[in-house]
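When a ligand or atom number is given, it counts from 1 through the structure's own listing order.
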Amino acid sequence: MALVNEYYLRLPGSYLFADIAKRVTAYKVSHPKQRVISLGIGDVTRPLAPAVVEAMHKAADEMAVKETFRGYGPEHGYDFLREAIMKGDFLTRGIHLDKDEIFVNDGAKSDTANIQELLRWDNSVALTDPVYPVYVDSNAMIGRAGKFEDGKWTDITYLPCTAENNFTPELPDHRVDMIYLCYPNNPTGTVLTKDELRKWVNFALRNEAVIMYDAAYQAYIQDPEIPHSIYEIKGARKCAIEFHSYSKTAGFTGVRCGYTVIPKEVMAKTIDDKDVQLNALWERRQSTKFNGTSYISQRAAEATYSEEGHRQTRQTIAYYMENARIMRETLSKAGYAVYGGENAPYLWVKTPGGMDSWKFFDTLLYGCGLVCTPGVGFGPSGEGYFRLTSFGNREDVEEAMERFKTL
Ligand SMILES: *Cc1c(COP(=O)(O)O)cnc(C)c1O
């Protein structure tokens with residue numbers, strides 16, 4: 001009989017959003033007249049920008065004609081998109097990348113999960129807590145996380161981010177090999193200043209660690225002082241891999257496109273102390289395991305960099321950020337301690353009276369038919385908080401805020 005990868009069996013049972021769905025279904029059965037509004041969804045709701053849709057139509061038409069039909073594309077992405085990325089996302093910030101340092105993918109989630117397979121299973125990992133669950137679970141799956149006990153993995157270094165430290169993680173007091181950072185942060189909606197990010201880059205350089213930097217929400221940054229890319233920090237080209245996605249930037253959660261940046265200077269060591277380029281390894285890995293992103297999706301992504309496409313996608317982001325502003329204002333006035341929501345589409349809110357996250361989830365659902373995401377679902381330091389997203393319709397957000405006031 002084949003033996004199973006037992007590390008999968010160590011993963012905690014049911015997934016956060018499945019738990020939420022179960023409770024919401026139970027509520028709906030007993031309250032059939034109440035319209036439930038979800039502020040818990042991590043998915044966008046606004047339609048694609050017209051310029052993006054037009055590019056997709058055009059690409060589909062090309063696929064319909066023998067002369068312009070495309071089969072397998074280059075595994076690492078078409079040049080038209082890699083060049084648009086280089087110019088649109090990096091050169092404008094004074095960052096020079098080589099085309100070969102950009103790997104187009106079908107969304108950031110798979111790469112943030114898969115990147116760790118370039119490194120041996122026995123490397124040590126640090127991650128911020130609370131955290132996007134993909135980083136933790138993907139490391140657990142190859143045995144790097146140890147055992148899951150009392151809501152924590154035994155072999156992971158947790159970097160607590162709470163109101164007490166202003167959601168700024170402290171450097172670990174020991175060396176680690178891999179560090180996951182996500183800014184603007186999901187779930188807390190908070191950001192890191194250049195000075196704070198510089199501490200991490202310097203730590204990684206000192207310790208020869210690799211930083212996995214998830215920039216999926218960089219387009220939501222409003223404050224001009226906040227870095228959009230870790231490569232704005234000197235030395236990051238030697239120690240950081242960066243993930244981008246069009247999912248939140250341009251509403252591509254159903255279209256699927258993103259990219260990963262691996263500068264050629266990022267190295268890891270062999271056991272006998274030889275340097276190996278992670279860029280070359282990832283290229284090898286992708287050539288074997290990935291067959292490229294759809295041509296239509298890549299044309300759609302390219303369209304986000306045109307003048308029109310850029311303007312239109314910015315409008316949608318402004319819409320979500322106005323939702324966030326309304327929510328922040330209402331909840332702050334109602335006496336809640338609200339974090340995030342200024343440079344990110346997420347608000348991270350302290351539960352009133354020290355209530356635990358799930359208790360507050362039920363109170364909110366049964367009190368006024370609203371759904372939030374319990375903070376503890378993102379890690380132990382999320383206990384006592386809940387997350388709200390600003391991805392809903394304006395009318396829903398406004399009604400939800402009215403209901404909040406009655407709670
Ligand atoms: C939504 C999200 C992504 C993007 O995922 P895609 O696979 O590109 O849709 C990446 N990282 C974080 C933290 C996210 O919340």
| task | Would you mind checking if Asp89 and Lys87 are paired as a salt bridge, meaning a charged N to carboxylate O distance below 4.0 Å? | result | no
| Would Cys182 count as a contact of ligand 1 if the rule is a heavy atom under 4.0 Å away? | yes
| said: With the threshold set at under 4.0 angstrom, would you say Thr253 reaches ligand 1 through any of its heavy atoms? | reply: no
Pair [X] and [Y], ring centroids less than 6.0 Å apart:
X      : Y      : value
His31  : Tyr366 : yes
Phe90  : His244 : yes
Tyr183 : Tyr217 : no
Tyr259 : Phe103 : no

Check this for me - ligand 1, [X], N or O atoms closer than 3.5 angstrom, yes or no?
X      : answer
Ala108 : yes
Ser247 : yes
Ser245 : yes
Tyr346 : no
Arg256 : yes

I need the nearest protein heavy-atom contact for [atom]: residue, atom name and distance, please.
atom                    : answer
atom 11 (N) of ligand 1 : Asp214 OD2, 2.7 Å
atom 5 (O) of ligand 1  : Lys109 N, 3.7 Å
atom 15 (O) of ligand 1 : Tyr217 OH, 2.6 Å
atom 3 (C) of ligand 1  : Lys248 NZ, 3.5 Å

| What are the atoms of ligand 1, with element, lying closer than 4.0 Å to any heavy atom of Ala216? | 3 (C), 10 (C), 11 (N)
| query | Among Tyr346, Phe360, Phe378, which one satisfies ring-ring contact (aromatic ring centres under 6.0 Å, His included) with Phe386? | reply | Phe360
| task | Assess whether atom CZ of Phe80 is packed by more than 12 heavy atoms of other residues, nucleotides or ligands within 6.0 Å. | result | yes
| Side chain, backbone, both or neither: which part of Phe252 has a heavy atom under 4.0 Å from ligand 1? | neither
| Geometric cation-pi criterion Arg144 and Trp153, 6.0 Å radius, 45° cone | no
| message | With side-chain hydrogen bond (donor to acceptor under 3.5 Å, both in side chains) as the test, pick out the partner of Ser229 among Glu242, Gln218, Arg93. | response | Glu242
